[in-house]
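I have placed the structure first, in the form of structure tokens, so that the comments after it can refer back to it.
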Amino acid sequence: MILAVDIGNTYTNLGCLDKDCRIDRIVQLPTDRAETKYGYAVKLSQTLELVGISTDDLEGAVISSVVPQLTAVMRDAITLFAK
């Protein structure tokens, strides 16, 4: 699966693309411009666990963002929680 992250001004949407490029298990988190990479790593990890996705299920990630200051933060958060 590929983790798809869409960072919007109000919400950040998470979904997973399966091998047939279908989006599965979309969830929303509030977008928080003050959040750190560690805070987002915890939120991502816990949220994905709640919907039954483990880091072992993920092969990669893609980020779409209209909040430039969070793009690198989210990239670093994904790297942290995917280790």
Side-chain angles (χ1 to χ4, degrees):
M1 289 184 162
I2 302 294
L3 176 63
V5 181
D6 179 25
I7 305 169
N9 288 310
T10 306
Y11 293 102
T12 296
N13 294 294
L14 309 174
C16 288
L17 297 166
D18 67 14
K19 62 182 172 148
D20 297 320
C21 291
R22 290 179 301 207
I23 298 176
D24 188 25
R25 300 178 228 190
I26 298 174
V27 295
Q28 279 187 336
L29 299 172
T31 299
D32 183 355
R33 288 171 173 77
E35 189 62 87
T36 66
K37 63 183 176 183
Y38 297 102
Y40 268 120
V42 169
K43 288 178 182 180
L44 287 170
S45 178
Q46 291 176 342
T47 302
L48 292 175
E49 184 179 317
L50 284 172
V51 295
I53 298 170
S54 78
T55 56
D56 293 336
D57 297 329
L58 300 176
E59 299 172 44
V62 60
I63 299 171
S64 170
S65 177
V66 296
V67 186
Q69 67 266 37
L70 284 182
T71 305
V73 172
M74 188 62 72
R75 179 199 61 217
D76 294 345
I78 292 167
T79 301
L80 279 172
F81 98 88
K83 286 185 179 181

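Note that the structure is a prediction, hence the values are computed from the model and not measured. As a basis for the values below, the full set of heavy atoms in this structure was taken, side chains included, without hydrogen atoms, waters or symmetry mates. Positions are given from 1, in the same order as the sequence printed here.
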- side-chain hydrogen bond (donor to acceptor under 3.5 Å, both in side chains) contacts in which one or both residues fall within residues 26-47, not counting sequence neighbours: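 Of all non-adjacent pairs touching residues 26-47, those that pass side-chain hydrogen bond (donor to acceptor under 3.5 Å, both in side chains) are Asn9-Arg33, Thr12-Thr31, Asn13-Gln28, Glu35-Lys43.
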- Query: Is any side-chain heavy atom of Ile63 closer than 4.5 Å to a side-chain heavy atom of Ile78?
  - Reply: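 Result yes, sub-4.5 Å side-chain heavy-atom pair found.
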- Side chain to side chain, Ile2 and Glu59, heavy atoms closer than 4.5 Å: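 Yes. Closest side-chain heavy atoms under 4.5 Å.
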When hydrophobic residues are tied together by side-chain contacts of less than 4.5 Å, even through go-betweens, does [X] share a cluster with [Y]?
X	Y	answer
Val67	Val27	yes
Leu70	Leu80	no
Phe81	Val51	yes
Val66	Val5	yes

- Message: Can you give me the closest heavy-atom contact between Leu3 and Cys16, atom names plus distance?
- Response: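 What the structure gives for the nearest pair is CD1-SG, 4.4 Å.
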- Just how far is it from atom CG of Leu17 to atom CE of Met1, taken to the nearest 0.5 Å?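 These two atoms lie 9.0 Å from each other.
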- Which residue pairs pass the salt bridge (charged side-chain N to carboxylate O under 4.0 Å, His left out) test with at least one member in residues 1-23, sequence neighbours excluded?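 Listed by first then second residue: Asp18-Arg22, Asp20-Arg22.
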- Message: Listing request: all salt bridge (charged side-chain N to carboxylate O under 4.0 Å, His left out) pairs with a residue in residues 65-76, at least two apart in sequence or in separate chains.
- Response: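 For residues 65-76: none.
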- Message: Suppose we screen for side chain to side chain donor-acceptor pair (under 3.5 Å). Which residues come up paired with Glu49, at least two apart in sequence or across chains?
- Response: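 In terms of side chain to side chain donor-acceptor pair (under 3.5 Å), with neighbours along the sequence ignored, Glu49 is linked to no residue.
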- Name all residues meeting the side chain to side chain donor-acceptor pair (under 3.5 Å) criterion together with Ser65; count only those two or more places apart in sequence or in a different chain, and write none if there are none.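 Listed in chain order: Thr71.
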- Item | By salt bridge (Lys or Arg N to Asp or Glu O under 4.0 Å) - contacts of Asp56 (at least two apart) |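 Salt bridge (Lys or Arg N to Asp or Glu O under 4.0 Å) check on Asp56 returns nothing, list empty.
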- Item | Trace of the side-chain contact (heavy atoms from CB on, under 4.5 Å) decision for Leu14 with Leu44 | CA-CA 9 Å; Leu14 309 174; Leu44 287 170; 3.6 Å; yes
